[in-house]
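Below you'll find the structure, written out as structure tokens, and then a few comments.
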Amino acid sequence: QVQLVESGGGLVQAGGSLRLSCAASGRSFSSYTMGWFRQAPGKEREFVAAIMWTGGMTYNADSVKGRFAISRDNAKNTVYLQMNSLKPEDTAVYYCAAYSRQRFTKTASAYDYWGQGTQVTVSS
């Protein structure tokens with residue numbers, strides 16, 4: 001049974017930092033691309049960043065370039081999202097997802113597995 005478990009969300013002031021973690025289990029993800037998405041109240045789920053499990057190539061949304069960084073730890077089967085210079089508009093529930101291809105896609109419906117989400121709130 002595949003599980004993606006996010007952690008690390010919370011309340012932070014604008015300009016602050018948080019690191020989200022996504023612990024993956026239940027299968028080998030070596031051929032997968034892992035992604036982070038976010039969803040604010042009343043808005044559609046939005047792509048944030050992705051990383052190929054093998055090779056470590058990354059891709060970020062324009063809205064977070066230069067502020068967020070995605071990485072993975074193969075030994076821990078964990079994907080991270082380091083978020084710096086946070087803004088109030090970054091407030092959302094952040095989701096980890098797994099896509100069973102070694103390529104980048106921003107399309108949420110393409111992803112095969114999802115975590116339960118973790119709340120990030122940035123105060124002004």
Looking at [X] and [Y], would you say the former's side chain and the latter's main chain have a donor-acceptor pair under 3.5 Å?
X      : Y      : value
Asp112 : Ser100 : yes
Glu6   : Gly117 : yes
Asn60  : Phe68  : yes
Ser63  : Ala61  : no
Arg38  : Val93  : no
Asp73  : Thr78  : no
Thr58  : Ile51  : no
Thr91  : Val122 : yes

Where [X] and [Y] come nearest, the two heavy atoms and their spacing:
X     : Y      : value
Phe29 : Ala98  : CE2-CB, 3.9 Å
Gly9  : Thr118 : N-OG1, 3.2 Å
Ala92 : Ala40  : CB-N, 3.8 Å

Could you walk me through whether Trp53 and Ser31 pass side-chain contact (heavy atoms from CB on, under 4.5 Å), step by step? CA-CA 7 Å; Trp53 201 279; Ser31 63; over 6 Å; no
I need the [X] [atom1] to [Y] [atom2] distance, nearest 0.5 Å.
X     : Y      : atom1 : atom2 : value
Tyr94 : Gln119 : OH    : CD    : 9.5 Å
Ile70 : Cys96  : CD1   : SG    : 7.5 Å
Arg19 : Asn84  : CZ    : CG    : 11.5 Å
Tyr80 : Cys22  : OH    : SG    : 10.5 Å
Leu4  : Tyr113 : CG    : OH    : 9.0 Å
Leu86 : Thr121 : CG    : OG1   : 10.5 Å

Between Thr33 and Arg101, does a side-chain contact (heavy atoms from CB on, under 4.5 Å) hold up when you go through it step by step? CA-CA 6 Å; Thr33 299; Arg101 301 284 180 93; 5.6 Å; no
May I ask you to test the Gln1-Ser25 pair for a side-chain heavy-atom distance under 4.5 Å? no
Is there side-chain contact between Phe47 and Tyr59, with at least one heavy-atom pair below 4.5 Å? yes
Salt bridge (charged side-chain N to carboxylate O under 4.0 Å, His left out) between Asp90 and Lys87, intermediate numbers included: CA-CA 5 Å; Asp90 294 318; Lys87 305 174 182 179; over 6 Å; no
So if you build clusters from Ile, Leu, Val, Met, Phe, Trp, Tyr with side-chain heavy-atom gaps below 4.5 Å, do Leu20 and Val48 land together? yes
Val79, Val2: one ILVMFWY side-chain cluster at the under-4.5 Å cut-off? yes
Parallel, tilted or perpendicular: which fits the ring planes of Tyr99 and Tyr111, with parallel below 30° and perpendicular above 60°? tilted
Going by atom types alone, do Thr107 and Ser109 pair a side-chain donor with an acceptor below 3.5 Å?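 There is no such pair between these side chains.
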Which is it for Ser17 and Met83 under the side-chain contact (heavy atoms from CB on, under 4.5 Å) test, yes or no, and what are the steps along the way? CA-CA 5 Å; Ser17 298; Met83 305 186 295; over 6 Å; no
Please confirm whether the ring centroid of Phe37 lies under 6.0 Å from the ring centroid of Trp114.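 When the ring centroids of Phe37 and Trp114 are compared, they turn out to be within the sub-6.0 Å range.
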